[in-house]
Number of protein chains: 2
Amino acid sequence: MNAKFSSSKENYLKAIFHLQKSDGVVTTNDVANELQTRPASVTDMLKKLKAQKLLLYEKYKGFRLSNEGRKVALQIIRKHRLWEYFLVEKLNFGWDEVHEIAEELEHISSKKLIDRLDEFLGFPKSDPHGDPIPDSQGRFTPAKQVDLLNLPLNKIGEVSGIGDQSPEMLELLSHKNIALGTRLEVKKKFAFDNSLELKIRNQPSVTISEHVAKNVFVKYDE
Amino acid sequence: MNAKFSSSKENYLKAIFHLQKSDGVVTTNDVANELQTRPASVTDMLKKLKAQKLLLYEKYKGFRLSNEGRKVALQIIRKHRLWEYFLVEKLNFGWDEVHEIAEELEHISSKKLIDRLDEFLGFPKSDPHGDPIPDSQGRFTPAKQVDLLNLPLNKIGEVSGIGDQSPEMLELLSHKNIALGTRLEVKKKFAFDNSLELKIRNQPSVTISEHVAKNVFVKYDE
DNA sequence: ATAAAAATTTAGACAAATCTAAAAAATTAT
DNA sequence: ATAATTTTTTAGATTTGTCTAAATTTTTAT
């Protein structure tokens, strides 16, 4: 029920999963770039993954994960994110120093271990970076979509839609570095005028009005 | 400061360390047997360990760990035992199901991780099997030696000496399966006559008198 | 539509860790 | 002390994952 694939294979599956998310189509070069390896090595591995039915692949024709491959990738991602949560919440690591360690921990095979860890942590829905944690069946709790006024304080939300798409609105948003996919948190809500103070990682805080907030929609994990 | 040796090398170092403890001298066959591998593979690895100055080795002449090798082995053992402690105390695993998982976890390289884990666990001195946990410098807290009357309840002690060595005493001890090296715990202390109820792993409980208890010495970790 | 560029794959090699079979050294038993 | 046995080592393969260099296919640009 456990230990099945080498760390290397698991890393390929995970990388392909992530690249599929953003691009739809994945290329040999993308993967080589993501994994800091050579395209020739990627081709070699694609053949092995295909032979194990984890990948749908015809040479020169691109590739994508099979259902089985996606399942495996999701389990790795689950492990990675649970370990990150553990490191930050229990061992007091900073969110910016846990990735590397989790890259190692995610290859520990015991399923029982990870399910017990999940329980110990209180079944968290998202990791310290705000990314959702798949449950033991590989399902995500579907993200909730709300406007910025209704995003709970200090919850990371990902911008998923803009209500008023007038050029004036878009100019304002681009000035404040807000775009589709941007990750942000509401740090403060001023009762006086319902204006909000927002924080985007690695950037100084910005303030937006209630009018703007009503027109920015975000997804977040409860 | 971290990640240095392959899991395979670490396993050899650990095995040699353990074999050195009990035998004094370690042989190629011993290691092959311990690691479920072939003698030829052991010889191959011995050469590599020697080249890295982790092992003092002349062919056909036997071998032992260098200071550096022992240091590395102790760090692996530290990691193994801390993870076992974590699994049992925090994730509610049974003491008999943690070994295999800890065999994997012990190869995670981050020293910071293991020191933080140690702190999180409250710097335990011994693992769930009663084996001492080396500190971050590789030192053991020296075991305390007491007679059985003074062994705290539910602490694992290892029989390290017998006071009265008369044939009658030895007969009694052998009948109750107590010998030098036996691991046992005091489960109950009867105030009425100071008799003790003892538990040895995988055996039914036995009772001994105060007189016997005074003559059995054990080492245990505080 | 074809030439140039880019992406991908193949061919052949290498390092790590293992194996089998055979050779060499050490130990033991008479 | 020498022959038999056991232990250890060497020689040569194998597997996994990687690489470089060259060949092939696809894409892009004119």
Side-chain angles (χ1 to χ4, degrees), chain A residues 3-16 19-20 22-65 69 72-73 76 103-104 106-109, chain B residues 3-16 19-20 22-65 69 72-73 76 103-104 106-109:
Chain A
K4 285 188 194 155
F5 306 104
S6 68
S7 290
S8 188
K9 274 184 188 149
E10 292 188 347
N11 285 336
Y12 274 91
L13 293 173
K14 192 171 52 125
I16 296 168
L19 292 168
Q20 255 176 213
S22 42
D23 282 27
V25 187
V26 191
T27 71
T28 302
N29 271 349
D30 284 346
V31 176
N33 191 58
E34 178 86 1
L35 295 178
Q36 298 292 352
T37 183
R38 298 307 187 141
S41 311
V42 175
T43 302
D44 289 343
M45 186 58 90
L46 295 179
K47 288 190 214 159
K48 294 177 196 163
L49 292 175
K50 183 189 180 183
Q52 278 176 96
K53 299 191 191 298
L54 297 167
L55 195 69
L56 305 170
Y57 165 61
E58 295 301 327
K59 63 178 174 169
Y60 292 109
K61 295 283 181 57
F63 47 88
R64 63 181 208 279
L65 295 179
V72 176
I76 316 294
E103 287 288 300
E104 280 187 71
E106 72 189 2
H107 301 295
I108 302 293
S109 59
Chain B
K4 284 184 193 159
F5 306 103
S6 68
S7 292
S8 189
K9 275 185 187 146
E10 293 188 345
N11 285 336
Y12 275 91
L13 293 172
K14 191 171 53 125
I16 295 168
L19 292 168
Q20 254 177 214
S22 43
D23 282 26
V25 188
V26 192
T27 71
T28 303
N29 271 348
D30 285 346
V31 176
N33 191 58
E34 178 88 0
L35 294 178
Q36 298 292 354
T37 183
R38 297 309 186 140
S41 311
V42 175
T43 302
D44 289 344
M45 186 58 91
L46 295 179
K47 288 190 215 160
K48 293 178 199 164
L49 293 174
K50 183 189 179 182
Q52 278 175 97
K53 298 190 193 298
L54 298 167
L55 194 69
L56 305 170
Y57 165 62
E58 294 301 328
K59 65 177 172 171
Y60 293 109
K61 297 282 182 61
F63 47 90
R64 63 180 207 280
L65 295 179
V72 175
I76 316 295
E103 287 289 300
E104 280 187 72
E106 72 189 4
H107 301 295
I108 302 293
S109 60

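Chain identifiers are assigned alphabetically (A, B, ...) following the order of the sequence lines, protein sequences preceding nucleic acid strands; residue numbering begins at 1 within each chain. Values in this document were obtained by computation on a predicted structure and should not be read as measured data.
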Once you round it to whole Å, what is the distance between C1' of C/dA15 and CZ of B/Phe5?
17 Å
Does a side-chain N or O of B/Tyr57 approach OP1 or OP2 of D/dT9 to a distance below 4.0 Å, or not?
yes
Against the side chain of A/Asn29, the closest entry in D/dT10, D/dT9, C/dT8 is C/dT8
Side-chain atoms of residues 30-40 of chain B: list all donor-acceptor pairs with protein atoms under 3.5 Å, sequence neighbours left out, distances to 0.1 Å.
residue, atom, partner, partner atom, Å
B/Asp30, OD1, B/Thr27, OG1, 3.4
B/Asp30, OD2, B/Thr27, N, 3.4
B/Asp30, OD2, B/Thr27, OG1, 3.3

Go through A/Glu106 and A/Lys14 one step at a time and tell me if the salt bridge (charged side-chain N to carboxylate O under 4.0 Å, His left out) criterion holds.
CA-CA 11 Å; A/Glu106 72 189 2; A/Lys14 192 171 52 125; 3.0 Å; yes
Determine the contact category for B/Thr28: base if any of its heavy atoms lies under 4.0 Å from a base atom, sugar-phosphate if only primed atoms, P, OP1 or OP2 are that close, otherwise nothing.
sugar-phosphate
Closest nucleotide among D/dT8, C/dT10, C/dT8 to the A/Lys47 side chain
C/dT10
Search all heavy atoms of B/Ile16 against all heavy atoms of B/Val26 and return the closest pair with its distance.
O-CG2, 4.1 Å
Is there side-chain contact between B/Ser6 and B/Tyr12, with heavy atoms separated by less than 4.5 Å?
no
Can you name the closest pair of heavy atoms from B/Val72 and B/Phe5 and give their distance?
CG2-CE1, 3.7 Å
Looking at B/Thr27, does any N or O in its side chain come under 4.0 Å of the phosphate oxygens OP1/OP2 on D/dT7?
no
note: A/Lys61, atom NZ; C/dA7, atom C1'; distance rounded to Å ~ 15 Å
A/Lys59 NZ to D/dT26 C1', in whole Å, measures 14 Å
How long is the line joining CZ of B/Phe63 and P of C/dA26, in whole Å?
15 Å
I need a per-nucleotide contact map over nucleotides 14-21 of chain D, read 5' to 3'. Cutoff is protein heavy atoms under 4.0 Å; write B for the base, S for backbone only, - otherwise.
---BBBBB
Expressed in angstrom and rounded to an integer, what is the separation of B/Glu58 atom CD from C/dA25 atom P?
15 Å
Distance-only check: which donor-acceptor pairs under 3.5 Å involve side-chain atoms of residues 49-64 of chain A, not counting sequence neighbours?
residue, atom, partner, partner atom, Å
A/Lys50, NZ, A/Tyr57, O, 3.2

